[in-house]
Participant: 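Okay, handing you the structure first.
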Amino acid sequence: MTARLDQLQTVLQQRFEGRLVSLTQALGEVTMVIAAADLLPCARVLRDDPELRFEQLIDLCGVDYARYKNEAYAGPHYAVVYHLLSMTHNRRLRLRIFAEDNELPVVDSVHDIWPGVNWFEREAFDLFGIIFTEHPDLRRLLTDYGFVGHPFRKDFPLSGTVEMRYDPEQQRVIYQPVSIEPREIVPRVLREENYGEVEPD
């Protein structure tokens, strides 16, 4: 397995020389990081190059790095991670792009390259607020159209900003500001010595 991953890394280094931010291998998978400006040309090479042939995008997700490993993250906060599959060569690749602007994260849509990405990009827009330029139908997917904010961002309050309830007088569902006080609850952890060990008979 390692020889195949090493060979993939070598091909990626040759094809994307000068465009790679980083190229790492961990947990049986290669992760490639490139600048957001290089996404579309690099994606076309990943799909069309005979030695790569990543024909299928199997997943896309947003990531908020505002706090990473319990520390403030120095670089851009929002990333888009693409999981690619080459059916021709039977291998996978993780591609990561960081949006340069933390206030308004924008990344190009890869819809024209991998059409199946449509709802994945909508989900990342809905939950993280990442804008995908040239997306054919960028609107919320999982939250209500009137929802304010993006609930997977780390600065989104745990209790949300509004709550909904049925009003019997108006005979409809209404939204109102959250009525509970924001608070952090730290679970109490009990540790027993030798927990889980079987006592000898």
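In this chain, residues are counted from 1 in sequence order.
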Participant: Roughly how far, to the nearest 0.5 Å, is the CZ atom of Arg19 from the CD1 atom of Ile34?
Facilitator: 8.0 Å

Participant: What about Leu104 and Leu39, same hydrophobic cluster or not, with Ile/Leu/Val/Met/Phe/Trp/Tyr joined at side-chain heavy-atom distances under 4.5 Å?
Facilitator: yes

Participant: Hey, could you give me each pair passing salt bridge (charged side-chain N to carboxylate O under 4.0 Å, His left out) that has a residue in residues 95-110? Not counting sequence neighbours.
Facilitator: none

Participant: Other residues, nucleotides and ligands only: do more than 12 of their heavy atoms fall within 6.0 Å of CD on Gln13?
Facilitator: yes

Participant: Less than 3.5 Å apart, any donor N or O on the side chain of Tyr82 or Asp59 sitting next to an acceptor on the other?
Facilitator: no

Participant: So, does Thr88 use its side chain to make a donor-acceptor pair with the main chain of Arg53 at under 3.5 Å?
Facilitator: no

Participant: May I ask whether Ile174 and Val162 are part of the same hydrophobic cluster, defined by side-chain heavy atoms of I, L, V, M, F, W, Y residues being less than 4.5 angstrom apart, directly or through others?
Facilitator: no

Participant: Of all the heavy-atom pairs spanning Val107 and Ala99, show the shortest one and how long it is.
Facilitator: CG2-CB, 4.0 Å

Participant: Quick one: pull up CD in Glu123 and OG1 in Thr143 and give me the separation to the nearest 0.5 Å.
Facilitator: 10.5 Å

Participant: In the structure I gave you, are the side-chain heavy atoms of Glu163 and Gln176 within less than 4.5 Å of one another anywhere?
Facilitator: yes

Participant: Under the criterion side chain to side chain contact (heavy atoms under 4.5 Å, CB included), I'd like the reasoning laid out for Leu5 against Arg91: C-alpha separation, chi angles, the key distance, then a yes or no.
Facilitator: CA-CA 9 Å; Leu5 294 178; Arg91 58 189 176 200; 5.9 Å; no

Participant: Evaluate Gln9 against Leu23 for side chain to side chain contact (heavy atoms under 4.5 Å, CB included), listing each step before the verdict.
Facilitator: CA-CA 7 Å; Gln9 271 192 282; Leu23 186 64; 3.8 Å; yes

Participant: Can you list every ring pair (Phe, Tyr, Trp, His ring centres under 6.0 Å) pair that touches residues 34-76, not counting sequence neighbours?
Facilitator: Tyr65-Tyr68, Tyr65-Tyr73, Tyr65-Phe98, Tyr68-Tyr73

Participant: Grouping I, L, V, M, F, W and Y whenever their side-chain heavy atoms are under 4.5 Å apart, do Leu40 and Val45 come out in a common cluster?
Facilitator: yes

Participant: For Arg122 and His135: C-alpha separation, side-chain torsions, deciding distance, then whether side chain to side chain contact (heavy atoms under 4.5 Å, CB included) applies.
Facilitator: CA-CA 9 Å; Arg122 284 182 60 189; His135 187 281; 3.7 Å; yes

Participant: Let me confirm one number: the CZ-CG distance from Phe16 to Leu95, rounded to the nearest 0.5 Å.
Facilitator: 8.5 Å

Participant: Measure the CG-SG distance between Asp49 and Cys42 for me, rounded to the nearest 0.5 Å.
Facilitator: 11.5 Å

Participant: Run the salt bridge (Lys or Arg N to Asp or Glu O under 4.0 Å) test on Asp167 and Arg172 for me, step by step, so that the C-alpha distance in whole Å, both residues' side-chain angles and the decisive distance to 0.1 Å come before the verdict.
Facilitator: CA-CA 6 Å; Asp167 187 332; Arg172 67 181 182 92; over 6 Å; no

Participant: Please report the closest heavy-atom contact between Ile113 and Arg44, naming both atoms and the distance.
Facilitator: CD1-CG, 3.8 Å

Participant: Considering residues, nucleotides and ligands other than Arg153, do more than 12 of their heavy atoms fall under 6.0 Å from its CZ?
Facilitator: yes

Participant: Closest heavy-atom contact between Asp126 and Pro151?
Facilitator: O-CD, 3.8 Å

Participant: Side-chain heavy atoms nearer than 4.5 Å, only ILVMFWY residues, links allowed to pass through others: does that put Leu138 and Val106 together?
Facilitator: yes

Participant: The test is side chain to side chain contact (heavy atoms under 4.5 Å, CB included); show your working for Leu141 and Phe125 and say whether it passes.
Facilitator: CA-CA 9 Å; Leu141 180 68; Phe125 161 70; over 6 Å; no

Participant: Measure the CZ-SG distance between Phe152 and Cys61 for me, rounded to the nearest 0.5 Å.
Facilitator: 10.5 Å

Participant: Establish, from distance only, whether the side-chain atoms of Asp64 and His150 form a donor-acceptor pair under 3.5 Å.
Facilitator: no

Participant: Got a salt bridge between Arg92 and Glu29, using NZ or NE/NH1/NH2 to carboxylate O under 4.0 Å?
Facilitator: no

Participant: To the nearest 0.5 Å, how far apart are CZ in Phe147 and CG in Leu127?
Facilitator: 9.0 Å

Participant: Do the side chain of His83 and the main chain of Leu57 share a donor and acceptor less than 3.5 angstrom apart?
Facilitator: no

Participant: Is it the case that more than 12 heavy atoms not belonging to Glu17 sit under 6.0 Å from its CD atom?
Facilitator: no

Participant: Any idea which heavy atoms bring Arg47 and Asp112 closest together, and the distance?
Facilitator: NH1-O, 4.0 Å

Participant: Less than 4.5 Å apart, side chain to side chain, heavy atoms only: is that true for Arg15 and Val11?
Facilitator: yes

Participant: Which heavy-atom pair separates Met32 from Leu12 by the least distance, and what is that distance?
Facilitator: SD-CD2, 3.9 Å

Participant: Decide if atom CD of Gln171 counts as having more than 12 heavy atoms of other residues, nucleotides or ligands within a radius under 6.0 Å.
Facilitator: no

Participant: Please name the pair of heavy atoms, one in Glu121 and one in Leu60, separated by the smallest distance, quoted to 0.1 Å.
Facilitator: CG-CD1, 3.9 Å

Participant: Distance-only, no hydrogens or angles: does the Ser86 side chain make a donor-acceptor pair with backbone N or O of Leu52 under 3.5 Å?
Facilitator: yes

Participant: Which residues pass the salt bridge (Lys or Arg N to Asp or Glu O under 4.0 Å) test with Arg139, not counting sequence neighbours?
Facilitator: Asp137

Participant: Hydrophobic cluster membership, with links at side-chain heavy-atom distances under 4.5 Å among I/L/V/M/F/W/Y: are Phe132 and Leu142 in one?
Facilitator: yes

